[in-house]
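Below you'll find the structure, written out as structure tokens, and then a few comments.
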Amino acid sequence: MSRLQGRKALVTGAASGIGAATVKRLQADGATVLACDITSEGLGGDVRHTGNLADSNVIAALEQAARSQLGGLDILVNNAGVCPVGTLDDLTDEQWQFGLDVNLLAPARLTKACLQMLRASKAGRVINTGSILSRYGDAGLGAYVASKHAILGFTRSLAMELGSDGVTVNCVQPGCIVTGMTRGMLENGAAAEYYRDKSALKRLGEPEDIADVIAFLASDDARFITGQGIIADGGVMTHS
Ligand SMILES: NC(=O)c1ccc[n+]([C@@H]2O[C@H](COP(=O)([O-])OP(=O)(O)OC[C@H]3O[C@@H](n4cnc5c(N)ncnc54)[C@H](O)[C@@H]3O)[C@@H](O)[C@H]2O)c1
């Protein structure tokens, strides 16, 4: 019996990278998946929804789609993310706002919209996507790093709020994964070499490396894990 047989999942940022791999992995484990992205290109899943998560109408439409087309929701994967780049000198208010809207407020709004369904589930799961930059900082990434620290803090607090309903809330923290977000940076061979060398496993991450962690957190095997940030970085951040 597949470990997520009969479970209903919603994955955001599902057209590319970690989100696309997560859709495939959850489906392979037996879940029915509602996939959302701002673009329809590359969007898989059993039910597809295209829209900008910074728009509250899209949040409401996703809740409706889960209710009417999936018939409920057990697993919410808040994965969509953007990476505003710039030092404090350069970042505009619009860049700050968009980074916070997509990386922090959309997960909070979507989770709130889906709370009734998650509480009604026998095995409710919220899985947020943080980063190794939920723990560390980096020059030129202040807005991104702030949003990723915030999503980890939100995860810990929400876990305390939803625990008595049997809903777990965790945050996966990827290291350097080859996806649409990083491909440009990694084309510069020096950056790829830096992360490969710095990792204990001597390789960059693939989207499936993170999708498998998300599927585990979604499964019954992870029923006693909540409020945690799970770093999956091939051992990049284990040494100075
Ligand atoms: N790739 C890495 O090295 C890495 C490391 C740490 C954390 N992360 C996080 O992993 C998550 C997934 O990123 P990825 O690396 O797979 O990148 P990606 O760019 O391949 O995928 C992100 C997806 O999110 C979608 N998206 C962006 N803004 C959206 C919006 N407003 N509404 C709906 N969809 C939107 C994009 O269209 C894209 O399909 C992000 O939260 C990212 O911050 C990635």
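Everything numeric here is computed off the predicted structure, so don't read it as measured data. Counting starts at 1 for both ligands and their atoms, in listed order.
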Heavy-atom pair of closest approach, residues Ser2 and Ala28
OG-O, 4.3 Å
Do [X] and ligand 1 have an N or O pair less than 3.5 Å apart?
X	result
Ile38	yes
Thr39	no
Leu53	yes
Ile177	yes
Gly19	no
Asn79	yes

Close side-chain approach of Leu73 and Leu118, heavy atoms under 4.5 Å
yes
I want to check something: taking the side chain as every heavy atom from C-beta on, are Thr129 and Asn78 in contact at a cut-off of under 4.5 Å?
no
For atom 37 (O) of ligand 1, find the nearest protein heavy atom and state the residue, atom name and distance (0.1 Å precision).
Asp37 OD1, 2.6 Å
Going by atom types only, do Asn128 and Thr155 share a side-chain donor-acceptor pair under 3.5 Å?
yes
Test item, [X] contacting ligand 1 (heavy atom, 4.0 angstrom):
X	value
Gly175	yes
Lys148	yes
Gly205	no
Gly51	yes

Side chain to side chain donor-acceptor pair (under 3.5 Å) between Gln228 and Arg156, intermediate numbers included
CA-CA 7 Å; Gln228 300 303 309; Arg156 291 177 173 139; over 6 Å; no
Could you see which bit of Ser16 sits under 4.0 Å from ligand 1, with heavy atoms only: side chain, backbone, both or neither?
both
Measure Ile18 to ligand 1 on non-hydrogen atoms and call it side chain, backbone, both or neither using the 4.0 Å cut-off.
both
Val82 neighbourhood, listing ligand 1 atoms whose heavy-atom distance to it stays under 4.0 Å:
27 (C), 28 (N)
Numbered atoms and elements of ligand 1 in range of Tyr144, under 4.0 angstrom, heavy atoms
6 (C), 7 (C), 8 (N), 9 (C), 42 (C), 43 (O)
